[in-house]
Amino acid sequence: MNKTYYITTPIYYPNGEPHLGHAYCTVCTDVLARFHKLCGEDVHFLTGTDEHGIKMVKTAAQLGTEPRALADKNAQVFRELWQEIGICNTDFIRTTEQRHRESVQEIIRRMVARDDIYLGSYEGWYDEGQEEFVTETEAKNNDYRSPISGRPLVRYKENSYFFRLGKYVPQVLKYIEEHPDFVQPESRRNEVISKLRAGVDDLSISRATLKWGIPLPNDPEHVVYVWMDALSNYITALGYGSGDDSLYRKYWPGVHIIGKEILWFHAVYWPAMLMSLGEPLPKQIFAHGWWTSEGKKMSKSMGNFIDMQKLRDVAGTYGQDALRYYMVRAASFGSDLDWTEADFNKSFNELANVLGNCLNRTIKMIGKYREGKVPDSQGALEAIDQALVEKTNKLADEVRKAYLEYDLQAAAMLPIELARQTNGYIDATEPFKLAKDPEKAQRLSTVLNLSAQAIMKALVSLIPVLPSKAVEGLAQLNVSIEGKTFDELMGATLPAGHQLGEGKPLFPKLERK
RNA sequence: GGGAGCAUAGCUCAACGGUUAGAGCAGGGGACUCAUAAUCCCUUGGUUGGGGGUUCGAAUCCCUCUGCUCCCA
């Protein structure tokens, strides 16, 4: 039995189309999923859409359609975009699906049985025009007026079921304190801890005024509100609480990759819910940062919004892998990021000039000087050879470590650094000059061999980030990754006599306007 | 108002309290032709935000000032 690995993105709110933020989170999760898959693990990768709630109702009304139809349409848009940027999710859950509905109701039943849910009343600032509650912060920021209509907010009270979050807070706090890796990165973990210490109220989990949602099994006049519905997806998708929970037993607990704005809910509500159910907590929760664009907050009116169309244009022009590489290497995983044309070009040039060119010149020289067959490395290694061999041999460990520590930026850039060094090696050893001197044939063989080994390892390491291009590059080296694990591929060398394929630019440069 | 953090080269960032504070990019100079007008080498550039302290030794620890960010209310 292979080791299992379960990883998730959040479920996205489909009241609009996906944008850079969604794509980033999904790509990072995908990169991790692909690495673990490459390591031979049995990977289950879940993403999906969170389709209930007042905003769906309103957006649908504005568009003259129904929430269900809006969700159907946009869930499909999300699915298609993920296809286009190479996402390898194994499941896609929609919270309107029957499997989720039934399972959430079962979850509530179990919580009710545990006396963790009770009827109380929810009081807050209510925007009558918008027919929705606004948070205390939001109300204050808008001077207790509706940001839409400008009319004063009213104090409104309605019955609501509550989850006894407060009961579990001490346990959650203890768990987070005792498991430093549970919530990452560190700075976010500290924020959660300090907020937990300040004390937390019980959580309102139902709305009687809303109809678009999952009815509470114990009181169908109420629908399940936001987090109880949304967070449950991570286990309802595995069949938790249904007749067949084999996937749940196989894959749970998993790793959650999320944006920093929803860390609180994942780090506190979700563990508390699982404690109430008596189920294991997630293995890890990693919160990534937010994007700005050209140094400013993304906004449609500013014209710097990286929307789905822009993502499609970039993927269409430069390829999905160039987009993926850019996103992953743009900043260290966990910190905020900034999308700039200049940085994108820089990152594309790394792929084309450093990685692609290194592969290309190596293949072309072996083609020209050795009839496309990898020559044997002969004779004693010189210091410069030794340095390249060491760097090549270290790559597997370095990349593995980077992935296990969620340092996706390093994982993406380490192979590029090896390609950079290989370029330097080729320039320093000058195989193209050695080729002119028959007496240097042995030396030439060594240089070509070591260059080929290095670029091969660089490409293997990049498979999770560049699922299509890395494999394409390896195909040029006539290396198949079919059925092979990361360790097997990284431990292997191209044998002497190995016939290479045809060398073609991996990331062709585009015509400049 | 409460809490946390950051400040290092033009830019993005590194540097268990321990040699001369390092990379990439950008800038300057040069080399090369296997390769995608690609590549490589050399190089300019820093009083580590200011001030004080602890220490044999501080970018790193402490205090303080300034500026910025984040979380919460």
Side-chain angles (χ1 to χ4, degrees), chain A residues 125 135-141 183 185-201 259-265 267-268 287-290 292 294-295 297 318-319 322 326 329-370 372 384 388 407 409-410 412-414 416-417 419-436 440 444 447-448 451-452 455 469 473 476 500 502-512:
Chain A
W125 293 105
T135 65
E136 184 64 35
T137 310
E138 210 179 317
K140 191 177 176 183
N141 286 346
V183 176
E186 190 72 26
S187 57
R188 300 280 155 211
R189 171 176 178 260
N190 293 339
E191 285 170 8
V192 170
I193 289 175
S194 63
K195 191 174 168 185
L196 272 169
R197 285 187 180 140
V200 182
D201 294 334
K260 64 182 183 181
E261 73 282 3
I262 51 175
L263 177 60
W264 175 248
F265 314 114
V268 178
H288 68 248
W290 283 2
T292 51
E294 303 293 343
K297 192 175 174 197
Y318 297 92
Y326 172 63
R329 67 134 284 169
S332 68
F333 193 46
S335 48
D336 289 340
L337 314 95
D338 187 34
W339 176 290
T340 71
E341 293 292 326
D343 270 353
F344 184 87
N345 290 335
K346 188 169 121 184
S347 106
F348 185 76
N349 283 341
E350 282 174 356
L351 293 176
N353 299 348
V354 180
L355 183 74
N357 184 41
C358 179
L359 173 69
N360 196 234
R361 66 200 301 211
T362 302
I363 294 180
K364 285 283 172 68
M365 283 192 286
I366 292 176
K368 217 174 266 193
Y369 309 140
R370 289 293 183 267
I384 191 167
L388 184 68
D407 190 352
Q409 186 188 38
M413 294 181 81
L414 283 165
I416 302 294
E417 273 166 37
R420 205 188 291 282
Q421 183 168 332
T422 307
N423 277 329
Y425 174 77
I426 291 171
D427 275 51
T429 53
E430 302 181 307
F432 38 87
K433 279 187 184 163
L434 297 173
K436 289 173 184 159
K440 303 273 177 65
L444 175 61
V447 167
L448 293 177
S451 301
I455 191 65
K469 288 294 184 178
Q476 292 184 20
L500 301 184
E502 189 193 348
K504 276 185 299 194
L506 200 53
F507 293 91
K509 283 294 186 75
L510 303 160
E511 296 271 328
R512 286 236 171 135

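So you know, we letter chains A, B, ... as the sequences are listed, proteins then strands, and number each from 1. Please read all numbers here as calculations on a predicted model, not as lab measurements.
- To the nearest 0.5 Å, the span separating OG on A:Ser451 from CD1 on A:Ile363 amounts to 12.0 Å.
- Rounded to whole angstrom, the span from the CG atom of A:Asp336 across to the C1' atom of B:rC70 amounts to 9 Å.
- Checking A:Glu191 against A:Trp264 by side-chain atom types alone, no donor-acceptor pair falls below 3.5 Å.
- Here A:Leu359 lies out of heavy-atom contact (under 4.0 Å) with every strand.
- A:Asp336 places a side-chain heavy atom less than 4.5 Å from the side chain of A:Lys260.
- Between A:Tyr318 atom OH and B:rU36 atom P there is a gap of 20 Å when expressed in whole angstrom units.
- When the P atom is compared between B:rA58 and B:rU20, the two are found 12 Å apart, to the nearest whole Å.
- The minimum heavy-atom distance between A:Ile455 and A:Ala419, with the atom names listed, is CD1-CB, 4.3 Å.
- Between the NZ atom of A:Lys509 and the C1' atom of B:rA38 there is a distance of 7 Å, given to the nearest Å.
- If A:Glu191 and A:Glu350 are placed on RNA chain B by their nearest nucleotide, the residue sitting closer to the 5' end is A:Glu350.
- Checking B:rG1 for Watson-Crick or G-U wobble geometry (two distances, each under 3.5 Å) identifies B:rC72 as its partner.
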Between the protein and nucleotides 31-35 of chain B, which nitrogen or oxygen pairs are less than 3.5 angstrom apart?
residue : atom : partner  : partner atom : Å
B:rC34  : O4'  : A:Tyr369 : OH           : 3.4
B:rC34  : O3'  : A:Lys368 : NZ           : 3.1
B:rC34  : O2   : A:Arg361 : NE           : 3.1
B:rC34  : N3   : A:Arg361 : NE           : 3.3
B:rC34  : N3   : A:Arg361 : NH2          : 2.6
B:rC34  : N4   : A:Arg361 : NH2          : 3.0
B:rA35  : OP1  : A:Lys368 : NZ           : 3.1
B:rA35  : O3'  : A:Asn360 : OD1          : 3.0
B:rA35  : O2'  : A:Asn357 : OD1          : 2.7
B:rA35  : O2'  : A:Asn360 : OD1          : 3.1
B:rA35  : N1   : A:Arg361 : NH2          : 3.4
B:rA35  : N3   : A:Asn357 : OD1          : 3.4
B:rA35  : N3   : A:Asn357 : ND2          : 3.2
B:rA35  : N3   : A:Arg361 : NE           : 3.3

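- With both pairing distances under 3.5 Å, B:rG10 is matched to B:rC25 as a Watson-Crick or G-U wobble pair.
- A:Asn349 places its CG atom 13 Å from the C1' atom of B:rU39, with the value rounded to the nearest Å.
- Taking atom CD of residue A:Glu417 and atom P of nucleotide B:rC25, one finds them 10 Å apart after rounding to whole Å.
- OP1 and OP2 of B:rA4 both lie 4.0 Å or more from every side-chain N or O belonging to A:Asn190.
- Taking the P atoms as reference points, B:rA9 lies 23 Å from B:rG5, given to the whole Å.
- A 3.5 Å limit on both hydrogen-bonding distances identifies no Watson-Crick or G-U partner for B:rU48.
- Regarding A:Asn345, its CG atom lies at a distance of 16 Å from the P atom of B:rA37, rounded to whole Å.
- At least one side-chain nitrogen or oxygen of A:Arg420 sits closer than 4.0 Å to the OP1 or OP2 atom of B:rC25.
- Between B:rG45 and B:rG53, the two C1' atoms lie 31 Å apart (nearest whole Å).
- Taking atom C1' in both B:rC13 and B:rA21, the straight-line distance is 14 Å, to the nearest Å.
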Practice problem: Apply the test ring pair (Phe, Tyr, Trp, His ring centres under 6.0 Å) to residues A:Tyr318 and A:Phe344: give CA-CA distance (whole Å), side-chain angles for both, the deciding distance (0.1 Å), then the verdict. | Solution: CA-CA 10 Å; A:Tyr318 297 92; A:Phe344 184 87; 4.9 Å; yes
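- Classification of A:Asp343 and A:Arg329 as a salt-bridged pair fails, no side-chain N sitting under 4.0 Å from a carboxylate O.
- Distance CZ (A:Phe348) to P (B:rC25): 17 Å, rounded to an integer number of Å.
- Counting all heavy atoms, side chain and backbone alike, A:Ala330 lies closest to A:Leu337 at CB-CD2, 3.9 Å.
- As rounded to the nearest Å, B:rG57 and B:rC65 have P atoms that lie 26 Å from one another.
- Checking B:rC40 for Watson-Crick or G-U wobble geometry (two distances, each under 3.5 Å) identifies B:rG30 as its partner.
- Residues A:Asp427 and A:Arg361 meet the side-chain proximity criterion, which asks for heavy atoms closer than 4.5 Å.
- With P as the reference atom, B:rU47 and B:rU8 are 12 Å apart, rounded to whole Å.
- Taking atom C1' on both nucleotides, B:rC61 is separated from B:rU55 by 10 Å, rounded to a whole Å.
- Between A:Tyr326 atom OH and B:rU12 atom C1' there is a gap of 11 Å when expressed in whole angstrom units.
- Taking atom P on both B:rC41 and B:rG46, the two are 23 Å apart, rounded to the nearest angstrom.
- Between A:Glu417 and A:Arg420 no salt bridge is recorded (no basic side-chain N to carboxylate O distance below 4.0 Å).
- Comparing A:Val354 and A:Lys346 against RNA chain B, the residue whose closest nucleotide sits nearer the 5' end is A:Lys346.
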